[in-house]
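Note sheet for the following structure.
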Amino acid sequence: MRTKIKDILLSEKTDYAVNIKGWVRSFRNNQFIALNDGSCMASIQAVIGLDTDEAIVKKITNGACLSIDGVVKASLGKGQKVEVVAEKVTILGECDPEQFPLQLKNRPSLEYLREIAHLRFRTNTFGAVFRVRHTLAYAIHKFFNDRGFVYLHTPIITASDAEGAGEMFRVSTLPADNPPKNEDGSINYTEDFFGRCTNLTVSGQLEAELGAMALSDVYTFGPTFRAENSNTARHLAEFWMIEPEVAFNDIVDNMNLAEDFIKYVIKYAMDNNREDLEFLSQRLAEEEKQKPMNERSEMGLMEKLEFVVNNSFERITYTDAINILLDSPAYKKKKFQYEVKWGIDLQSEHERYLVEKHFKKPVIVTGYPKDIKAFYMRMNDDGKTVAAMDILAPGIGEIVGGSQREERLDMLTRRMEEMHIPTEEMYWYLDTRRFGACPHAGFGLGFERLVLFVSGMTNIRDVIPFPRTPKNAEF
RNA sequence: UCCUCCUUAGCUCAGUUGGUUAGAGCACAUGACUGUUAAUCAUGGGGUCCCCCGUUCAAGUCGGGGAGGGGGAGCCA
């Protein structure tokens, strides 16, 4: 029976027989195999005798997959406490070193590893990133489960495109070269698979609201698709989003939930993936050394995570934010490229100033002008602002966007009409306001942005196994 | 989509004012050594200088166009 390398290294027990299986990370001196099975960051050292069959020894190459039977012994060398003294080495999968594109000793760049995303799991960095990603996903379910939330699976194919969260990917079985047409030349979707035009979802929020109007506390966690031509280190065409929706919560409850949630999952990763996070922390520190002094971050990764877990997020209104910006040295020295005045949407440079320069911690901004926010957000009594909230994180920008929803039918209908959203098509959404409406609130959190924040990686393409971006759907 | 930078060996990169046969480290192969930790030592093979067009006696190097990638911006999560 196979023993995981993690268990052998953790227990530090010696003098017992094991079978280990994994991939060769290095083979030194024709004797010492560093074998890694992904169960943890570290590889284990397996020692083979000098009398080992030469045909086997020749096949112990970087990347090869081995099964080793042997005995766990206290190590004679200095680099490790225990090692496996091999009795039998079986080559499960050979790996031709001349063709294997992953050469760990060369410290391949992240850009290069993206081109071989099918093999990059075999590096320490991506091993750590994807173990952390898993832990965060698990922690998310645990957080909500422990609080009595119901995990609601909202549809991936949807006919609704009303939220206007972005360009959508069309889902169709009509022939692309010659689709059936209406008399006016437009495509006749009544002949399509669903008998209407359908798209991949941009958000599960509206459906989550329907669930919350009976189950009270629900959340979604699933893939989301945006066909925007966004080429940045923070955007994907296919990404995972977490969207809790809670009946009877107001905007303050919503902020509390979001803050507790973020702190919980970060703490969970720190408690359960310390080795991975310490490696990523060191990796980031080395990367920072390449940068000029003034661009380096003040805190290391572990420090930053500790800080976020142990300090309250700053809570300010949009109006406060504008005033802080107008008062800032940066504004007075005309450092901002974009205009600052009440009513603008905060630009990246403004968000970064607030989070990284002024408060130096995560910031929750509430009470945005209604004109720059979505139709479903609840109108405040001033008639100018809505009960929206964005959480801005250092280095990432917007990580959470949420709001208390407009539960008043007349107000909601008026907003939809103002924003030219077809109320007839959205009858099912408006029904929740007709039949037993209640105050409720929720938010959306981009999972990859959370993984970015926790892992200290800087490009979103490096925290999802197979990134989907404009002009790139390899693998 | 816009701005900007980059593209030279399998990888990471150097390549001077345009001028012989384009280099290094690592990787890889062969051999030596054998308690190594990115093992070490010796030897060796390996190039569409991203693509196209142009300037020139001569282009990796200069100019124009294209493709791909990075960083920044917009849109957003």
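We name chains A, B, ... by the order of the sequence lines, and we start the count at 1 in each one. All values derive from a computational prediction rather than experimental measurement.
- Counting any heavy atom pair closer than 4.0 Å across all strands shown, A/Y112 reaches sugar-phosphate atoms only and no base atom.
- Among the atoms of the strands shown, none is found under 4.0 Å from any heavy atom of A/E349.
- The partner of B/A73 is B/U1, judged by Watson-Crick or G-U wobble contacts that both fall below 3.5 Å.
- Counting non-hydrogen atoms under 4.0 angstrom, A/Y338 reaches the backbone sugars and phosphates but no base.
- Here A/E351 lies out of heavy-atom contact (under 4.0 Å) with every strand.
- If you check every strand for non-hydrogen atoms under 4.0 Å, A/R25 touches nothing.
- Each of A/L50 and A/F27 lies near RNA chain B, and the nucleotide nearest A/L50 is the one positioned closer to the 5' end.
- Residue pairs meeting the side chain to side chain donor-acceptor pair (under 3.5 Å) criterion with at least one member in residues 45-54 of chain A, sequence neighbours excluded, are A/R28-A/Q45, A/Q45-A/E83.
- As judged by a 4.0 angstrom heavy-atom cut-off over every strand, A/T232 is placed among the base-contacting residues.
- The residue A/N30 sits close to a base: some heavy atom pair falls under 4.0 Å.
- Place A/P108 and A/V85 on RNA chain B by their nearest nucleotides, and A/P108 ends up nearer the 5' end.
- For B/A73, the OP1/OP2 oxygens have a side-chain nitrogen or oxygen of A/R234 closer than 4.0 Å.
- When heavy atoms are screened at a 4.0 angstrom cut-off, A/N459 is found touching the sugar-phosphate backbone but no base atom.
- Base contact: A/L236 has a heavy atom under 4.0 Å from a base atom.
- Counting any heavy atom pair closer than 4.0 Å across all strands shown, A/S75 reaches a base atom.
- Within the 4.0 angstrom heavy-atom criterion, base atoms lie near A/Q80.
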